Amino acid sequence: MCAAPDRQRKLRAACCTAEIVSNSRVAGDYFELAFSAREIAREARGGQFVMVQCGEAGSFDPLLKRPMSIAWADRKEGSISLLVRIVGKASALLCAKAPGEPVEMIGPLGTAFELAERPGKHVLVGAGAGIAPLLLFARDLDASDVHAIVAATEKDLLLCCDKFEQLGAKTDCSTDDGSFGFAGVASDLLAKRLGDGTLDQVAGAYLCGPPEMISAAARICADREIPCQVSMEAHMACGFGVCLGCVVTTKTGERLRCCVEGPVFAAERFQW
Amino acid sequence: MATRIGNLVMRNPVMTASGTFGCGEEMAAFYDLSKLGAIVCKTVTLEPRRGNDPPRIVETPAGMLNAIGLQNDGVEAFIANELPRLRQIDVPVVANIAGETVSEYAALAERLDSADGIDAIEVNISCPNVESGMQFGQEPKATEKVVKDIKRHTKHTVIVKLTPNVTDIVEIAEAAVRAGADSISLINTLMGMAIDSETRKPHLANVTGGLSGPAIKPVALRMVWQVAQAVDVPVIGIGGIVSSRDAVEFLVAGASAVQVGTGNFINPRLCLDVTDGIEGYMKRHGIPDLGGLVGSLELPG
């Protein structure tokens with residue numbers, strides 16, 4: 001159950017005791033977890049995240065909640081899904097939980113991807129688990145306008161392709177080792193499509209993944225004057241704007257919080 | 001559960017710790033801030049500060065290190081942007097100030113004296129991330145000088161927040177009280193460090209940072225107890241409070257009020273839970289008012 005969010009505030013997040021509905025390994029060390037979290041599900045938009053208690057309630061190990069992008073939200077069912085990669089103790093604990101277990105979480109937090117308002121395709125570029133928030137974003141788009149570039153190191157680690165296809169969106173895969181789709185990295189595939197006639201009219205590009213991918217893809221978009229939004233990552237302590245731990249620095253030296261002013265930012269604010 | 005610290009009157013003894021609550025704007029999404037004893041705002045400095053480069057935070061066993069670097073928009077922006085909003089909420093507001101020189105502290109105190117909406121000033125002489133901040137609180141004479149000058153420039157209740165990174169915390173507390181401090185709050189963060197063994201680099205861009213969270217509670221409790229024994233002014237306990245039981249321990253040790261900091265990150269509604277818990281504790285133990293709890297530690301023999 002969730003304590004109701006204050007709708008007058010800019011920050012519209014709720015503290016929620018979510019319950020795990022399902023937990024399954026989807027690829028390699030990636031898990032998909034679904035939670036019943038009605039208030040979060042109602043408000044969540046693609047690009048936003050939740051702060052998740054990964055250990056037992058009251059445990060000091062880990063102490064802080066962890067930020068995780070919301071991969072899906074079903075308003076009717078009152079459920080959200082997270083795509084979690086095991087990278088350390090906290091993620092391992094979370095991915096070991098069973099259906100029925102309660103998990104404290106706070107959300108939805110941060111900024112969402114915003115639809116670029118001009119004609120053309122919306123190019124979603126997601127590498128690894130970065131594809132997760134883009135999937136939720138795609139939920140609210142006209143599928144015929146979506147071109148999703150899904151990148152992974154190898155075929156078996158491509159995530160969410162089936163889900164984009166279910167939405168009716170064009171899914172365009174790249175693998176570092178060439179085991180499936182385009183052989184190369186996401187930004188190379190993006191450049192290719194922008195040059196080979198596939199993506200003649202682009203409304204906007206939306207990027208999420210490791211910093212190297214974002215840099216390269218953002219530069220490509222800047223060169224072609226394509227409106228570009230990026231999801232930035234940072235270590236977080238609070239996740240809702242009070243600790244100032246998660247700042248990123250803009251071209252003009254301004255410090256912006258990934259959890260309030262971000263995680264989704266206009267790419268042009270940064271030096272790539 | 002009403003508490004009084006100098007002229008600062010609070011409906012309960014639970015305050016927010018500076019740097020963990022912003023100026024309340026974000027936290028208002030989680031609960032009605034008028035239920036708090038007081039809001040202690042993020043440190044303001046005379047001029048805006050950009051703070052340290054990231055990474056600024058890292059989790060450590062039962063705690064975390066921070067090297068934020070006092071990022072803030074400066075006192076003028078605080079007065080123009082934060083105070084008007086805070087005045088709309090029925091909660092006492094404590095401004096927290098830091099400077100690099102005695103005159104900066106005095107200038108801040110003076111500037112805030114004519115600002116509307118502040119109920120007390122907390123003096124940060126104890127930030128371990130900024131070279132200058134550390135000096136005052138580690139030296140009794142410097143502490144005395146700063147507090148004396150601040151007192152000359154403000155009519156507000158002055159709370160002096162101590163750093164634990166000293167040899168003798170009592171000596172510093174006594175110096176602050178001699179200089180006119182109306183209250184002592186302690187502890188600020190303990191100076192610490194974390195190293196990534198794979199990269200062989202520090203986790204923080206600033207290399208060192210301040211340790212907070214449950215890990216520091218034993219040190220904080222000990223220092224609160226020692227200082228409360230030594231001074232006559234009210235003491236405010238800070239350090240690793242993540243439950244009402246923790247808060248009660250500080251009250252028993254001699255604190256008249258407590259501040260909740262890092263705990264807010266784990267549970268945004270923690271201050272409410274702590275307040276309710278203290279009330280429940282007092283009912284269970286048949287203690288009619290806080291005076292019966294504060295400093296009630298029973299020593300052996």
Side-chain angles (χ1 to χ4, degrees), chain A residues 2-17 43 51-55 57-67 88-90 104-109 232-250 252-260, chain B residues 16-33 41-43 48-73 203-204 209 212-215 217 240 242-243 261-270 272-273:
Chain A
C2 301
D6 181 336
R7 285 169 208 293
Q8 269 68 53
R9 295 293 126 198
K10 253 185 342 211
L11 172 62
R12 292 153 62 113
C15 293
C16 211
T17 303
E43 305 283 341
M51 288 299 280
V52 183
Q53 180 84 19
C54 295
S59 168
F60 294 159
D61 186 24
L63 180 71
L64 303 173
K65 289 182 166 60
R66 297 296 194 264
K89 177 188 280 189
E104 295 292 326
M105 56 174 72
I106 306 168
L109 295 164
M232 307 279 273
E233 258 192 306
H235 290 291
M236 294 184 180
C238 71
F240 42 83
V242 297
C243 75
L244 302 183
C246 68
V247 298
V248 287
T249 310
T250 66
T252 56
E254 215 185 333
R255 307 277 203 201
L256 301 178
R257 296 167 291 183
C258 267
C259 65
V260 174
Chain B
T16 65
S18 179
T20 69
F21 211 76
C23 292
E25 179 161 22
E26 298 81 8
M27 299 302 279
F30 298 110
Y31 60 93
D32 178 3
L33 300 184
C41 297
K42 169 78 183 173
T43 302
R49 287 177 61 101
R50 289 180 61 249
N52 294 328
D53 287 339
R56 293 176 165 183
I57 49 165
V58 58
E59 182 171 324
T60 55
M64 58 173 284
L65 290 172
N66 91 76
I68 307 297
L70 297 182
Q71 177 182 335
N72 77 99
D73 292 333
H203 275 288
L204 299 172
S212 65
K217 195 183 86 170
V242 294
S243 69
T262 302
N264 287 309
F265 305 160
I266 303 156
N267 172 9
R269 296 170 61 91
L270 182 60
L272 295 189
D273 294 345

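Because the structure is a prediction, the values reported are computed rather than measured.
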**OP:** Evaluate the side-chain proximity of Met236(A) to Phe265(B): yes if any heavy-atom separation is below 4.5 Å, no if none is.
**Re:** no
Original post:
Under 4.5 Å between any side-chain heavy atoms of Pro214(B) and Leu63(A), yes or no?
Top reply: yes
Original post:
Are the side chain of Arg56(B) and the backbone N or O of Leu244(A) linked by a donor-acceptor pair below 3.5 Å?
Top reply: yes
Original post:
Checking Glu104(A) against chain B: side chain, backbone, both or neither under 4.5 Å from a heavy atom?
Top reply: neither
Subject >> Cys238(A) side, atom SG; Asn264(B) side, atom CG - distance, nearest 0.5 Å >> reply: 9.5 Å
Subject >> Nearest-0.5 Å distance, CD1 of residue Ile266(B) to CD1 of residue Ile106(A) >> reply: 10.0 Å
**OP:** Under the salt bridge (charged side-chain N to carboxylate O under 4.0 Å, His left out) rule, collect the residues that match up with Asp73(B), sequence neighbours excluded.
**Re:** none
Original post:
Which atom names give the shortest non-hydrogen contact between Phe30(B) and Cys15(A), and what distance separates them?
Top reply: CD2-SG, 3.6 Å
Original post:
When you measure from the side chain of Glu59(B) to the backbone N and O of Leu64(A), does any donor-acceptor pair fall under 3.5 Å?
Top reply: yes
Original post:
For Val242(B), is it the side chain, the backbone, both or neither that has a heavy atom under 4.5 Å from a heavy atom of chain A?
Top reply: side chain
**OP:** For Asp53(B), enumerate each residue passing the salt bridge (charged side-chain N to carboxylate O under 4.0 Å, His left out) test, keeping only those at least two apart in sequence or located in another chain.
**Re:** Arg255(A)
Original post:
Hey, are the side chains of Arg257(A) and Glu26(B) touching, using non-hydrogen atoms and a 4.5 Å cut-off?
Top reply: yes
Subject >> Greatest number of heavy atom pairs closer than 4.5 Å to chain B - which of Gln53(A), Glu254(A), Arg66(A) >> reply: Arg66(A)
**OP:** Can you tell which part of Met51(A) gets under 4.5 Å to a heavy atom of chain B, answering side chain, backbone, both or neither?
**Re:** neither
Original post:
How long is the span from the SG atom in Cys243(A) to the CD1 atom in Ile57(B), to the nearest 0.5 Å?
Top reply: 5.0 Å
Original post:
For the candidates Met27(B), Arg50(B), Lys42(B), which exhibits the highest count of non-hydrogen atom pairs separated by less than 4.5 Å from chain A?
Top reply: Arg50(B)
